[in-house]
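Structure, as structure tokens:
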Amino acid sequence: MIRVASGLRVLALGLWGGASAVLCAGPALAEEPKLDLELFSQEELGEPPACAVRLWQAGLDPDTDRYAVVFHEALDADHTRAPARIVIGGEIVELERVATGGATTGYDLYPEQAYRSRDGKTRALLELEIAPEEGEAVGIDGGRMIVVRSGYLPFTVAVEGDAGCLAPPAGEDLTDLFAPYEVGGDSVPDSLIAAANEAYECEWRDALMRSPVTAFQTSEEGAVWDMSCAAGMHNIGHVVAQVYIADPNTFSLMSFQDPPGRTRPSPHVLFNATWDAATRTVTAFASDRGLGDCGTFERHRYVDGEFVLVEYREKPECDGTYVEPEDYPLVYSR
């Protein structure tokens with residue numbers, strides 16, 4: 001097992017998994033020098049890139065320990081890879097990915113990845129235990145990195161890590177999350193347009209060019225996008241998506257809970273929605289006909305990445321008597 005104090009840079013020679021047999025071999029191997037693999041300092045890592053894959057020595061904390069990260073690979077917003085970096089003997093060595101194995105996840109991450117330096121002298125093999133995708137970042141629960149250089153004993157280190165994008169939208173202050181900002185219709189990818197149209201058939205592209213997306217940043221990496229489009233005379237449909245800020249092609253349509261005993265036509269659609277950013281609440285009403293004398297009224301609150309129904313009202317009788325939707329008979333409240 002590797003043991004390194006949080007304030008130290010140099011890793012002890014690792015014995016982990018299948019590599020232990022090689023490292024514990026006889027006197028002939030013992031004469032070979034040890035590979036001086038080191039941890040990055042916070043200063044060497046510098047300012048974080050828009051997106052990155054990070055591996056740190058298992059048991060350390062990259063946010064609090066000065067030395068923790070052992071492998072760093074910067075990604076562009078479209079997940080194009082820059083050369084990965086490790087530190088050997090005080091020198092930063094750049095590695096390029098040359099092979100992958102297993103099923104890919106977000107950020108083009110694979111459970112098995114092989115890297116090689118341009119001069120071919122240094123190679124690294126990553127064997128990663130990738131956590132189920134939950135939210136915007138991909139967690140690496142465990143695994144190992146094996147580094148090989150000709151003339152040296154192989155070095156194996158137990159790792160944990162993550163992959164994600166940390167860049168906020170331009171001009172947004174992370175201290176004021178859920179403040180609304182606009183996203184132009186031309187910034188909505190075709191894949192999201194297609195998903196919105198499947199949930200609610202409408203001329204989405206034309207509608208979004210006339211009425212920009214109302215967006216709310218929910219974390220360093222994610223945002224909620226409220227897209228609206230009118231397909232009928234009395235109601236404007238809204239489809240809400242949870243979006244990766246750096247790559248809007250990575251998204252999921254959000255669902256709205258049904259009140260007890262009722263089923264909405266689509267779990268992804270609200271009508272005539274308005275937002276209260278201070279309480280992270282969206283209010284919607286659907287008019288059954290132009291007189292506005294019947295329909296539904298509902299409120300949902302954004303909590304921990306999903307919408308929770310907090311109020312639902314309904315006036316099913318179209319009797320010619322107009323009532324404000326918020327005064328419809330109460331069906332459910334939380």
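Numbering of residues begins at 1 and proceeds along the displayed sequence.
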* Structure fact -> salt bridge (charged side-chain N to carboxylate O under 4.0 Å, His left out) filter on Glu326, not counting sequence neighbours, yields none
* Asked: With sequence neighbours left out, what residues match Arg205 under salt bridge (charged side-chain N to carboxylate O under 4.0 Å, His left out)?
  -> Asp190
* Asked: Distance-only, no hydrogens or angles: does the Lys315 side chain make a donor-acceptor pair with backbone N or O of Pro325 under 3.5 Å?
  -> no
Please output the side-chain donor-acceptor pairs of residues 262-270 that fall under 3.5 Å, not counting sequence neighbours, one pair per line with the distance.
unit_1 : atom_1 : unit_2 : atom_2 : d
Arg262 : NE     : Glu314 : OE1    : 2.5
Arg262 : NH2    : Glu314 : OE1    : 3.2
Arg264 : NE     : Phe256 : O      : 3.2
Arg264 : NE     : Asp258 : OD1    : 3.4
Arg264 : NH1    : Glu298 : OE1    : 3.3
Arg264 : NH2    : Gln257 : O      : 3.1
Arg264 : NH2    : Glu298 : OE1    : 2.5
Ser266 : OG     : His268 : N      : 3.3
His268 : ND1    : Met254 : O      : 3.1

* Asked: Do Leu75 and Asp108 come close enough that some side-chain heavy atom pair is under 4.5 Å?
  -> no
* **Shared hydrophobic cluster for Tyr110 and Met145 (ILVMFWY, side-chain gaps under 4.5 Å)** => no
* Output all residues satisfying side-chain hydrogen bond (donor to acceptor under 3.5 Å, both in side chains) with Asp119, sequence neighbours left out; order by chain, then residue number. => Ser117
* **Check: Leu128 and Leu55 side chains under 4.5 Å, non-hydrogen atoms** => yes
* Salt bridge Arg81-Glu96, side-chain N to carboxylate O under 4.0 Å -> no
* Asked: Do any N or O atoms from the side chain of Glu112 and from the backbone of Gly102 form a donor-acceptor pair under 3.5 angstrom?
  -> no
* **Pairwise side-chain contact, Ile140 with Glu129, heavy-atom cut-off 4.5 Å (strictly under)** => no
* Asked: Between His238 and Ala273, is there a donor-acceptor pair closer than 3.5 Å when you use the side chain of the first and the backbone of the second?
  -> yes
* Tell me, do Phe251 and Ser191 make a side-chain contact under 4.5 Å, heavy atoms counted? -> yes
* Do you know which two heavy atoms are closest between Ala199 and Val239, and how far apart they sit? -> CB-CG2, 4.4 Å
* Is the side chain of Asp36 donor-acceptor paired with the backbone N or O of Ile88 at a distance under 3.5 Å, no angle test? -> no
* Given side chains that start at C-beta, do those of Thr218 and Phe178 come closer than 4.5 Å, heavy atoms only? -> yes
* To do: Answer yes when Arg118 and Glu94 have at least one side-chain N-carboxylate O distance shorter than 4.0 Å, and no when they do not.
  => no
* Find the distance between CG (Leu60) and CD (Glu160) and round it off to the nearest 0.5 Å. => 8.5 Å
* **Remaining members of hydrophobic cluster (4.5 Å side-chain criterion), Val331** => Leu309, Tyr312, Tyr332
* Atom CD in Glu91, atom CZ in Arg85: separation rounded to 0.5 Å? -> 13.0 Å
* Using atom types as modelled and distance alone, determine if a side-chain donor or acceptor of Asp226 lies under 3.5 Å from a backbone N or O of Val240. => no
* Structure fact -> Between the CG atom in Asn272 and the CD1 atom in Ile236, the distance rounded to the nearest 0.5 Å is 5.5 Å
* **Side chain proximity check, Met209 to Asp186, heavy atoms < 4.5 angstrom** => yes
* **Main-chain N/O of Tyr67 paired to Asp65 side chain as donor or acceptor, under 3.5 Å** => no
* Hydrophobic cluster partners of Tyr328 (side-chain heavy atoms under 4.5 Å) -> Phe285, Phe297, Val323
* Should we say atom CZ of Arg116 is surrounded by more than 12 heavy atoms from elsewhere, each under 6.0 Å from it? -> no
* To do: Could you tell me the separation between the CG atom of Leu37 and the CZ atom of Phe155, rounded to the nearest 0.5 Å?
  => 5.0 Å
* Asked: Same cluster for Leu253 and Ile193 if Ile/Leu/Val/Met/Phe/Trp/Tyr side chains link at under 4.5 Å?
  -> yes
* To do: Kindly determine whether Arg299 and Thr283 satisfy side-chain hydrogen bond (donor to acceptor under 3.5 Å, both in side chains), including the steps that lead there.
  => CA-CA 4 Å; Arg299 290 193 302 122; Thr283 299; 4.9 Å; no
* Asked: What do you reckon, are the aromatic ring centroids of Phe216 and Tyr302 less than 6.0 Å apart?
  -> no
* Ile92-Val69 co-clustered via ILVMFWY side chain contacts under 4.5 Å -> yes
